[in-house]
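Some notes on the structure that comes next.
Below, all heavy atoms of this structure are taken into account, side chains as well, without hydrogens, waters or symmetry copies. Everything numeric in this text was worked out from a predicted model, so none of it was measured.
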Amino acid sequence: MSATSLGLAQDNSQVVQDGIAVKPLSRMRVLAPEEQVNEAARQQYTEMVGEAKQKGVLAPEGDPQLKRLRVIAQRIIPQTTRWNPAASKWEWQVNLFKSNQVNAFCMPGGRIGFYTGIIEQLNLTDDEVAAVMGHEIAHALREHGRERLAKTNVTALGARVGGALLSGIFGVDPNLTGTAANYAGQFLVLKFSRDEEREADLVGLDISSRAGYDPRAGIALWRKMAALNQSAPLEIFSTHPGGETRIKDMEAHMNVLLPLYARAKNTSVAKLPAYQSTALK
């Protein structure tokens, strides 16, 4: 059964919001009901957090890096509803997992996870953490995972199956979730398309800029990732295609993003200092 046969062909027209062009949200989403997908994500995330705590790899509440992540999230989250009004009702959570993975994710419903590897190995500034977080949140806001679930599992959308698929889609470490065992390690890794990655880059920088984080950090971030990837392939590149093309796209939108950042900082673009990144460790 195809999406076309169900009368759900993708609308390829574009919607422009403040200089950022995106495709309308896919009509295929109806094949993956929001409540069902969010519940699958909630169950998966709860299980992951519980197992991580049992194994001693969940950052405790007093962890400085976890506090840092949550402060950044608190600034970004209020900016999300402009891209998806449903985000105002999401049960936002932020947790940090002790793992060498250079990765992060945001599940449907606003469940965010960072691995210590991405913060430590890339030596991220707050602006760069915000760029990562904005990017992952943008995937959830634009419902890319929900669309992928619909396309992949058109005829059998169960919460149990959805939970397994979420592991592959959102980069959840299989060592931190019992769902992997339930499915004998059969993870379906769904890669986001370049169009979806472009949306996540730009929408993510839009919301982080409005929250007062420098959008030029997105460029610095991906250059760091490319440099680190030269010595050791990064997990994040399995689902996030890299390359100069996406950096150039970010650069081409700085005329839109920098004014948002400057406004959040109560200054003008002309008075913004040069962006200062940090060296890889």
| task | Identify, with sequence neighbours excluded, every residue that meets side-chain contact (heavy atoms from CB on, under 4.5 Å) alongside V94. | result | L69, R70, A73, I112

| request: Identify, with sequence neighbours excluded, every residue that meets side chain to side chain donor-acceptor pair (under 3.5 Å) alongside T46. | output: none

| query | Would you say the side-chain atoms of E197 and H135 include a donor-acceptor pair closer than 3.5 Å? | reply | yes

| remark: Taken in chain and number order and not counting sequence neighbours, the residues that satisfy salt bridge (charged side-chain N to carboxylate O under 4.0 Å, His left out) with D206 are R82, R210

| remark: What one should report as the nearest heavy-atom pair of W92 and A87 is NE1-O, 3.2 Å

| field | Test side-chain contact (heavy atoms from CB on, under 4.5 Å) applied to D63 - qualifying residues, sequence neighbours left out | value | A59, P60, Q65, L66, L96

| request: Apply side-chain contact (heavy atoms from CB on, under 4.5 Å) to S277 and list each qualifying residue two or more places apart in sequence or on a separate chain. | output: E128, A220, K224, Y275

| task | Check the angle between the aromatic planes of Y45 and F97 and answer parallel, tilted or perpendicular using the 30° and 60° thresholds. | result | perpendicular

| request: Mind checking side-chain contact (heavy atoms from CB on, under 4.5 Å) for P85 and listing every partner two or more places apart, or none if nothing turns up? | output: none

| message | Using modelled atom types and a 3.5 Å cut-off, is there a donor and acceptor pairing between side-chain atoms of N95 and backbone atoms of G113? | response | no

| query | Is a side-chain N or O of D127 found less than 3.5 angstrom from the main chain of A217, in a donor-acceptor match? | reply | no

| So, R246 and E199, do they make that salt bridge, N to O below 4.0 Å? | no

| field | Residues which pass side chain to side chain donor-acceptor pair (under 3.5 Å) with Q74, listed by chain and number, not counting sequence neighbours | value | none

| Which atom names give the shortest non-hydrogen contact between T278 and L122, and what distance separates them? | OG1-O, 4.5 Å

| Test salt bridge (charged side-chain N to carboxylate O under 4.0 Å, His left out) applied to R75 - qualifying residues, sequence neighbours left out | none

| query | Which pairs with one or both residues in residues 254-274 pass side chain to side chain donor-acceptor pair (under 3.5 Å), sequence neighbours excluded? | reply | none

| request: Could you pull out all residues at least two apart from D126 that satisfy salt bridge (charged side-chain N to carboxylate O under 4.0 Å, His left out)? | output: R68

| Set of residues satisfying salt bridge (charged side-chain N to carboxylate O under 4.0 Å, His left out) with respect to E91, sequence neighbours excluded | R111

| said: How long is the straight-line distance from CD of Q93 back to CZ of R42, given to the nearest 0.5 Å? | reply: 9.0 Å

